[in-house]
Amino acid sequence: MKEKLIDLVEYTYHFNNEMIRIISENISKVDDKIISLINHTLNAQQVWNSRILNEKSFEVWQINSFEKLEEINNQNFQTSIQIIENSDFDQRIEYQNSKGTEFENTIFEMLFHAVNHSTYHRGQINSLLKQSGIEPILTDYIFYKR
């Protein structure tokens, strides 16, 4: 299970970097919604890692300096790998969502959600890129594995 989850986190890291790259290459054509979504995608992974580790987290919709996005993605990747290597996936973590509502989930559920959430928003970004006249990138997991 550990190896499969590491693979999914690597997939997320890879295609988040690809999204940052294509946005950077076309920065004059992208709108605020694309910038907001790439930030949210990275922020959310940081938030989930922070919930697991009981650390201070980003705001889910904060806008980071575009120049820092690769660094944030790298830090998210390193932290997620550290969690995978050092945690019991069945351990339940109590946390509050961004609205203050309390929940409890396993570490596996939280990490898998972060991967799935990133995939969802990369799809949204690709749709917006296409609307802006930018060729979207293929980010499906199977393309990563090929």
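If you're wondering where the values come from, they're calculated on a predicted model, not measured in any experiment.
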Can you give me every donor-acceptor pair (side chain of residues 27-37, partner residue at least two apart or in another chain, under 3.5 Å) with its distance?
residue, atom, partner, partner atom, Å
D31, OD1, K33, N, 3.2
D31, OD1, I34, N, 3.1

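- Between I6 and I81 the shortest side-chain heavy-atom distance falls below 4.5 Å.
- The side chain to side chain donor-acceptor pair (under 3.5 Å) analysis of residues 82-92, with sequence neighbours excluded, yields the pairs R92-E104.
- Between N39 and W61 there is no side-chain heavy-atom pair separated by less than 4.5 Å.
- Among residue pairs with one or both ends in residues 132-146, those qualifying as side chain to side chain donor-acceptor pair (under 3.5 Å) are D7-Y141, D7-K145; sequence neighbours excluded.
- Taking the side-chain hydrogen bond (donor to acceptor under 3.5 Å, both in side chains) definition, one finds that S80 meets it with Q45, N49, sequence neighbours left out.
- Residues satisfying the side-chain hydrogen bond (donor to acceptor under 3.5 Å, both in side chains) criterion with S50, sequence neighbours excluded, are Q46.
- E10 pairs by the salt bridge (Lys or Arg N to Asp or Glu O under 4.0 Å) definition with nothing, not counting sequence neighbours.
- By the side-chain hydrogen bond (donor to acceptor under 3.5 Å, both in side chains) test, E67 is found to be paired with S65, residues two or more places apart in sequence or in another chain being considered.
- Classification of the F89-F108 ring pair by plane angle, with boundaries at 30° and 60°, yields tilted.
- Under the salt bridge (charged side-chain N to carboxylate O under 4.0 Å, His left out) criterion, the residue pairs touching residues 14-23 are E18-R21, R21-E25, with sequence neighbours excluded.
- Remark: T106 engages E109 in a side-chain hydrogen bond (donor to acceptor under 3.5 Å, both in side chains) (not counting sequence neighbours).
- Applying the salt bridge (charged side-chain N to carboxylate O under 4.0 Å, His left out) test to pairs two or more places apart or on separate chains, none has a residue in residues 42-59.
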Solution key, residues 114-122 side-chain donor-acceptor pairs under 3.5 Å, sequence neighbours excluded:
residue, atom, partner, partner atom, Å
H117, NE2, H40, NE2, 3.3
H117, NE2, H121, NE2, 3.1
S118, OG, A114, O, 3.1
T119, OG1, V115, O, 3.1
T119, OG1, R122, NH2, 3.3
H121, ND1, Q124, OE1, 2.4
H121, NE2, H40, NE2, 3.4
R122, NH1, N16, OD1, 2.8

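- Taking the side chain as every heavy atom from C-beta outward, F66 and I23 approach each other to under 4.5 Å.
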